[in-house]
There are 2 protein chains.
Amino acid sequence: MEAPKSTERKYNHAVAVHSVSRTSRLSSGAENPPSFVGFRNLMILMLIVSNLRLMVENLRKYGVLVCIRCHDYRRQDIVYGGMLYLLVPLHLFVAWFIELAAAQQAKRAVARRKRAEEAHKTPDEYRAELRRAFQASWKLIALAHGVNATLNLVIASYVVYYRIHHPLIGTACELHAVIVWLKTCSYAFTNRDLRRAHLSLSSSNEMPELYKSCPYPKNITFNNLTYFWWAPTLVYQPVYPRTTHIRWIFVGKRLAEGVLLSVAIWIASAQYAAPLLQNSLDKMASLDVISILERLMKLSTISLFCWLAGFFAFFQSFLNALAEVMMFGDREFYSDWWNAPSIRKYWTSWNRPVMVFMRRHIYAPLVGRGWPPALAQVTVFVFSGLLHELLVGIPTHNVIWVAFAGMLGQIPLIVITDALQKIKGINGPVMGNIIFWVTFCLVGQPLAALLYFFAWQAKYGSVSKPLAWEKIDQSLAAL
Amino acid sequence: MEAPKSTERKYNHAVAVHSVSRTSRLSSGAENPPSFVGFRNLMILMLIVSNLRLMVENLRKYGVLVCIRCHDYRRQDIVYGGMLYLLVPLHLFVAWFIELAAAQQAKRAVARRKRAEEAHKTPDEYRAELRRAFQASWKLIALAHGVNATLNLVIASYVVYYRIHHPLIGTACELHAVIVWLKTCSYAFTNRDLRRAHLSLSSSNEMPELYKSCPYPKNITFNNLTYFWWAPTLVYQPVYPRTTHIRWIFVGKRLAEGVLLSVAIWIASAQYAAPLLQNSLDKMASLDVISILERLMKLSTISLFCWLAGFFAFFQSFLNALAEVMMFGDREFYSDWWNAPSIRKYWTSWNRPVMVFMRRHIYAPLVGRGWPPALAQVTVFVFSGLLHELLVGIPTHNVIWVAFAGMLGQIPLIVITDALQKIKGINGPVMGNIIFWVTFCLVGQPLAALLYFFAWQAKYGSVSKPLAWEKIDQSLAAL
């Protein structure tokens, strides 16, 4: 309580406390509308409390389901997984050999240019000659790169689909293959443009300042490629911005974060997601819509937690640790996608390594060739959808095209949330952000998880040893 | 995707996308730390989704429990409740008669003053005489007011405790009696100070400008008291800030809000709180701590909803409607307590009518008499604790002193959250706000509700007709 003013001392009981007309704080047209920051704190607390309660409920129902020895991976999975781990990067080095040959040819072309200058040919004659030589050789080089890159993806997908049963080992192998495939493509495309610039006659060959320290063809070396192999990027550059030294304490902290979050995700999946997925099977089979929705809503909390923890573990912890060890300067692996006012902004924010690859090697070249930007964007989403289906459908041995459809479904959502920004009288960015969270994290992901899980169970039954599932079934039966 | 710059058109694949060193947005020391407004939207969504899911779960378990004819009130409750509703305000008019007599006496004193001036007495002699007269009469008036006010509270509490079984009807009657009691006290105290100022010799009698239009004893009228009786305040003033006209549309909107929120609270209690309280009885009886905590956490969401809806319905909707009809100008019935950085701020913000009464009639007079402010504050909380126990313990026929203890428990919390504001290196206001929400809304209220419900059930069994409870019991047994 505030101390009364000195003039009020004498006749305290007669003080005029109602001295002016005032509106209530929450009335519309209040003089001093209040902040609601306290409700933000309350929401955080409510989320903690309600989920803590569900944890207690879960523990009483099922006991501890986390179990290290319950995962049923086969010896064959490990053997094939190990082989793929060693063989996949070889394709990157095959690409290097192809580029070595191309660089040799470029050197010969430069030598020819010097002879041409001595023979006093006109620049026009010479340029036409060079163009012919470049184009003839590029077709051959492109074929070699194409065969090499395609083989990588085809072999890895074949092995994962037919030989590796366990979906987690399969996903790891497929993801590794896709990353190396994208790197190989970027290496080939970038070096083609570098070579083209190198062979061009103009003195300003439009190359970035950064590349000056390692001009083509000096970049076609084993060390340069090895750096690209391990660098946290999918986009090849002869030179990257670099840091001056490795902060090992930083690396340690990031790795500790990554490990802790991975354990948290593992516990969340085993203890919370597994029984949920298991006891939603009947409802899926009988198409009980209300029950499926109820399961979906319960699953959404856990899938959202796994998604956020997984995002942080990979894009913040792991990629920063890797970048620090590689002294890689550009750490912009994501921007603030959680504030995305539209689905378009989300897709250009959350995974910048892939977004940058798409923009540099698909979108910009297509637009440069005169394609309409909208068509180029659709192409990017179709390509991305194919990659997503590859990464989910192949390791789960169920190419049911849900991931692909999910990616294509982004296009109408982009159109809608873009349009929302322009409507007056509504808060477009907030509406767009809410649409993003609902479609992506609350509906899209848990629904996709349910569908692939259902498809898996329909094809194979459980992935775990009977022990854990029996426990769940018994607990359910006991209720 | 952004359109590529024109200079990048030619060698698209060789663009330097990693051109500068940058930290990740979430790294400590990021150049451009991000906003987290998107997570606020996500939290709102998660709260909606998780509670929607619990509603579906509840409906499948219990069916519809909301039932208009299930409340078991007795004829006697209605008769006694109606009598109290008519009789309680009479005490306010008894206070008016007492003040009429006092005003008569004051008029005689003023007449004496005039005679004294004619008799050429010195001001000092005259002042001493007046003081004697005022003090002698005030003792008598105070006794009369004390007997009248105490009778109000004693009679109402006796009737509610011994004659009205239903706790809701009892609470309404007791609340009415307490409000009228506080108004009677304020009327007596304020008029005492007005009279004292009136009899004083100084020309500036330190009264607020506002009161000039109705100086003592002109305010001791039936109309003036009737206005105070219905005005949305507990503090008597001869004159209040007034509005010029009644906006009936505003009144209609506020009443509609109030009705809708009351229905929502009723549904929440009948459908969600009732089964929860019912199935926590065993756990309370067997002192199963983990289960009690789990029930408490589940109950906290519902009690919090009821609290927020009830707060809005009463302090925003009902009091604003009443103020509009009474053309009462000062609508500051609460300030932004939800942002309260400390428990002290909460108690001075959420219920301003009571806070203003406490400050004007208890805290300020005590401090004015030389009490240390801390002791005056403790006195306020002890008084408030007694009123709370009266309002909860009497209608539930269980004076178990939990409400009283809860109010006294605020004092150490005030000391702690006040101290938090001064510690460097922590965000004191946020910490204080979180402590407020946890202690008050997440623990304090549901725990108190559980304890009084448990005490009620132990003494009487169910308040509702067996029908609704049987339904709950059957559903629980079926699981």
Side-chain angles (χ1 to χ4, degrees), chain A residues 1 4 9-18 20-26 34-35 37-43 45 49-50 53 56 189-190 193-194 197 206 208 210 235 237 240-241 294 297-298 316 320 329-333 335-336 338-339 356 359-360 363-365 368 433-434 437 479, chain B residues 1 4 9-18 20-26 34-35 37-43 45 49-50 53 56 189-190 193-194 197 206 208 210 235 237 240-241 294 297-298 316 320 329-333 335-336 338-339 356 359-360 363-365 368 433-434 437 479:
Chain A
M1 314 238 160
R9 279 281 154 88
K10 199 167 174 193
Y11 302 113
N12 282 313
H13 293 290
V15 167
V17 291
H18 300 295
V20 287
S21 282
R22 285 178 284 205
T23 56
S24 295
R25 297 293 295 270
L26 292 172
S35 121
V37 70
F39 285 116
R40 183 204 60 189
N41 300 336
L42 177 64
M43 285 197 291
L45 279 173
V49 167
S50 60
R53 191 189 73 76
V56 172
F189 281 128
T190 309
D193 272 9
L194 289 175
E206 293 184 30
L210 189 68
V235 155
Q237 289 181 196
Y240 293 99
E294 191 266 347
M297 286 196 274
K298 189 155 188 179
Q316 172 68 9
N320 262 294
D330 184 3
R331 312 280 169 90
E332 203 191 30
F333 305 119
S335 62
D336 57 340
W338 47 88
N339 300 328
V356 154
R359 192 168 68 189
R360 196 204 210 200
Y363 178 81
N433 186 247
I434 287 173
W437 284 115
L479 283 176
Chain B
M1 313 234 161
R9 281 278 155 89
K10 197 166 175 192
Y11 302 114
N12 282 312
H13 294 289
V15 168
V17 291
H18 300 294
V20 287
S21 281
R22 285 178 284 206
T23 56
S24 296
R25 296 294 296 271
L26 292 172
S35 120
V37 70
F39 284 116
R40 183 204 60 187
N41 301 336
L42 176 64
M43 284 196 292
L45 279 173
V49 166
S50 60
R53 190 189 74 76
V56 172
F189 281 128
T190 308
D193 272 9
L194 289 175
E206 292 184 31
L210 189 67
V235 156
Q237 289 181 194
Y240 294 99
E294 191 267 346
M297 286 195 277
K298 190 156 188 178
Q316 172 68 10
N320 262 294
D330 183 3
R331 313 282 169 90
E332 203 191 29
F333 306 118
S335 62
D336 57 339
W338 48 89
N339 300 327
V356 154
R359 191 167 69 190
R360 195 202 208 203
Y363 178 81
N433 188 247
I434 286 173
W437 284 115
L479 283 176

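The sequence lines fix the lettering, A, B, ..., with proteins before strands; numbering per chain opens at 1.
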Name the member of B/Ser50, B/Ser335, B/Ser21 that forms the most heavy-atom pairs with chain A at distances under 4.5 Å.
B/Ser21
Determine yes or no for a side-chain-to-main-chain donor-acceptor pair under 3.5 angstrom, with B/Arg360 supplying the side chain and A/His13 the backbone.
yes
Which bit of A/Thr23 comes within less than 4.5 Å of chain B, counting heavy atoms only: side chain, backbone, both or neither?
backbone
By a 4.5 Å heavy-atom criterion (distance strictly below it), what part of A/Glu332 contacts chain B: side chain, backbone, both, or neither?
both
Chi angles and distances behind the side-chain contact (heavy atoms from CB on, under 4.5 Å) call for B/Met297, A/Val56
CA-CA 10 Å; B/Met297 286 195 277; A/Val56 172; 4.3 Å; yes
Turns out that what part of B/Pro241 lies under 4.5 Å from chain A's heavy atoms comes down to both
For the pair B/Tyr240 and A/His18, name the ring-plane relationship: parallel under 30°, tilted 30 to 60°, perpendicular over 60°.
tilted
With chain B, which of A/Leu210, A/Val356, A/Leu45 has the greatest number of heavy-atom pairs at distances under 4.5 Å?
A/Leu45
For B/Pro34 and A/Asp336 the tightest heavy-atom approach is CB-CB, 3.8 Å
Rounded to the nearest 0.5 Å, how far apart are CZ of B/Arg53 and NZ of A/Lys298?
4.0 Å
Applying a strict 4.5 Å limit to non-hydrogen atoms, the region of B/Ile434 in contact with chain A is both
How many angstroms lie between atom CZ of B/Arg22 and atom CZ of A/Phe333, to the nearest 0.5 angstrom?
10.0 Å
Here the gap from B/Leu26 atom CG to A/Arg331 atom CZ, rounded to the nearest 0.5 Å, amounts to 14.0 Å
With distance as the sole test, does B/Asn339 use its side chain to make a donor-acceptor pair with the main-chain N or O of A/Ser35 at under 3.5 Å?
yes
Most heavy-atom pairs under 4.5 Å with chain A, out of B/Pro365, B/Gly329, B/Ser24, B/Pro208, belong to B/Ser24
Side chain / backbone / both / neither for B/Glu294 at chain A, heavy atoms under 4.5 Å:
both
For the residue pair A/Asp330 and B/Val20, what are the closest heavy atoms and their distance?
CB-O, 3.4 Å
Got a second to check how far B/Asn41's CG is from A/Trp437's CH2, nearest 0.5 Å?
9.0 Å
A/Leu194 and B/Ala14: which non-hydrogen atoms are nearest, and at how many Å?
CD2-CB, 4.1 Å
